[in-house]
2 protein chains.
Amino acid sequence: MKYSIDHKSPIPLHIQAEELLRKLISQDEYQNGRLLPNEVELAKLLAISRTTLRQAINKLVYEGLLVRKKRAGTKVNQSTVSSKSNNWLSFSQEMKLRGINIKNFELHVTWVFPDETLANFFEIKTDKKVLKMERVRGRNDGPFVYFISYFHPRIGLTGDEDFKRPLYELLEQDYSTIASLSKEEISAHAADALIAEKLQIKVNEPVLFRKRFVFDQGERPIEYNLGYYKADSFVYTVESRR
Amino acid sequence: MKYSIDHKSPIPLHIQAEELLRKLISQDEYQNGRLLPNEVELAKLLAISRTTLRQAINKLVYEGLLVRKKRAGTKVNQSTVSSKSNNWLSFSQEMKLRGINIKNFELHVTWVFPDETLANFFEIKTDKKVLKMERVRGRNDGPFVYFISYFHPRIGLTGDEDFKRPLYELLEQDYSTIASLSKEEISAHAADALIAEKLQIKVNEPVLFRKRFVFDQGERPIEYNLGYYKADSFVYTVESRR
DNA sequence: TTTGTTTATATGTTTGTACATTATAAACCA
DNA sequence: TGGTTTATAATGTACAAACATATAAACAAA
């Protein structure tokens, strides 16, 4: 096993430490209930200061992956993580699982300049084009979702890919880009003219709006996804435990 | 205005600082898009070290209440009300955290016979009455959520409780009932006459609908909760990792 | 006007140091 | 044996001091 923290890397030490801990935990180095070495020890092992190490541990504690206890040490707590990770199927896989056959109504791919928000999320300039994918999907009885996806140039997509394949499979297998973290925001809106047309509903009818920010393992942004779901055709479920 | 941090208090300084910041933000000292004083300044003002202050700020940043930007400063981000899936705070606590003062517009408590669905979830007969609580809550500028809650008879609520207290605190402290698991379903709907009236919007305007099933530690059902949120005033956020 | 360069100023990173708090194991005593 | 005290080993809190890095704004050059 290698405790590889590169002091000359531009990546901050506490980020490296965080990643390393995640890796160790996921690779059964420290499985479920195990204790980590104590902070002073571990800091020495990684050749970083205790403060820096704590910065890394803190983040994992906040996420619930680690649990600290005085005198007892810091424990791995993988139980909660598993319950959250069920929403990681791609859309079509998820639908198939529910016994719904998905049809692509539209599928456009273009290169566009990012707006302020997007450039900010991708951490790029607004004059650098990004790949935009639009797609309308649904069942035989009509469309029920309108997706807009933007992909980070870093990934290397050309626009000629077969987007009918499950997206995250494509990214993983052909571009070794692994979607590892997603932050989603869900809200309700009234359909504007565009959305109404795409979903074949009336203007101002309610839609469920899902904004999704997807990151790779290094927490670098890879996809920005907007989804407009026809009301009553989509339910978002969340299960949480404390 | 008082920047009151008590160095002799047993409460850690960074916790005090965190609380103080929350208070300042909620009390319009630093409203919405405002910048905080810079870290060095603020640390001097509070008479704590920059490191300690950062500890406090970091927490608020993690919650999304503050946004840092190099060179620009640290900004208050109260824009949308959001709910974190992991977070087990009650509604009003969560809102207070976001610096929003919650007002109760309506609060009714009655005993009703459960319908089929509810009886099924509670695993009781339909001739056994359950406690129903309705409440409309919002800010000064109007209501933004209409809640309906049903409580399992097992808990022992009489209906005379002080429902202005945080709900889960009440259940925990007075009825030793600990909410431990929740399953939620989120969807978009058009407001019907009742919802429209409660939220002071027009019929057919979009609302975010959240259905919540709450269980205790033994996975026994304790609460069934329906929430109708005015569109654009509520964003549900989910973070998931694989 | 545009483009490049500098500079001031904010947050970001990292270390070293010191002492406080607390859960628990070990030692002690009744 | 069983309870109580004490020591210890872990995390928790706090500060000071550098240096790194990003960027807005001012300025200079093309």
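Since the model is a prediction, treat every value here as computed from it, not as a measurement. Order of the sequence lines sets the chain letters (A, B, ...), proteins ahead of strands, with each chain counted from 1.
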Fill in the blank from the handout: Atom CD of E41(B) and atom C1' of dA10(C) are separated, to the nearest Å, by 12 Å
Practice task
Would you mind reading off the distance between I15(A) atom CD1 and dG12(C) atom P, rounded to a whole angstrom?
Solution key: 11 Å
Practice task
Check for a donor-acceptor pair, side chain of E39(B) on one end and backbone N or O of L53(B) on the other, with a separation under 3.5 Å.
Solution key: no
Problem - Which residue lies more 5' along DNA chain C, comparing L53(A) with R54(B) via nearest heavy atoms - result: R54(B)
Practice task
Say whether R210(B) and Y229(B), considering side chains only, have a donor N or O and an acceptor N or O under 3.5 Å apart.
Solution key: yes
Identify each atom pair where a protein N or O and an N or O of nucleotides 16-25 of chain C are less than 3.5 Å apart, giving names and distance.
residue: dT24(C); atom: O2; partner: R71(A); partner atom: NH1; Å: 3.2

Completion exercise
Result for ring-ring contact (aromatic ring centres under 6.0 Å, His included) between F209(A) and one of Y146(A), F147(A), Y228(A) points to Y228(A)
Completion exercise
To the nearest angstrom, the CD-C1' distance between Q16(B) and dT13(D) comes to 12 Å
Problem - N or O in side chain of T74(B) less than 4.0 angstrom from dT11(C) OP1/OP2 - result: yes
Exercise for the section: Find the distance K59(A):NZ to dT13(C):C1' and express it as a whole number of Å. Expected result: 14 Å
Exercise for the section: Inspect the contact between K198(A) and E106(A) and indicate whether a charged nitrogen and a carboxylate oxygen are less than 4.0 angstrom apart. Expected result: yes
Practice task
For Q55(A) and dG12(C), give me the distance from atom CD to atom P, rounded to whole Å.
Solution key: 11 Å
Fill in the blank from the handout: N38(A) has its side chain closest, among dT11(C), dT14(C), dA10(D), to dA10(D)
Practice task
Please state how far atom CG in N58(A) lies from atom P in dT13(C), giving the value in whole angstrom units.
Solution key: 14 Å
Problem - Validation row: N225(B), K211(B) side chains within 4.5 angstrom (heavy atoms) - result: no
Practice task
Can you tell me the distance, in whole Å, between the CZ atom of R68(B) and the P atom of dT23(D)?
Solution key: 15 Å
Fill in the blank from the handout: Against the side chain of E39(B), the closest entry in dT11(C), dT11(D), dT14(C) is dT11(C)
Problem - Separation of dG12(D) C1' from L13(B) CG (nearest whole Å) - result: 12 Å
Problem - Residue pair N58(A) / R68(A), side-chain donor-acceptor N/O under 3.5 Å - result: yes
Handout entry: Partners meeting side chain to side chain donor-acceptor pair (under 3.5 Å) with Q55(A) (sequence neighbours left out)
Key = H14(A)
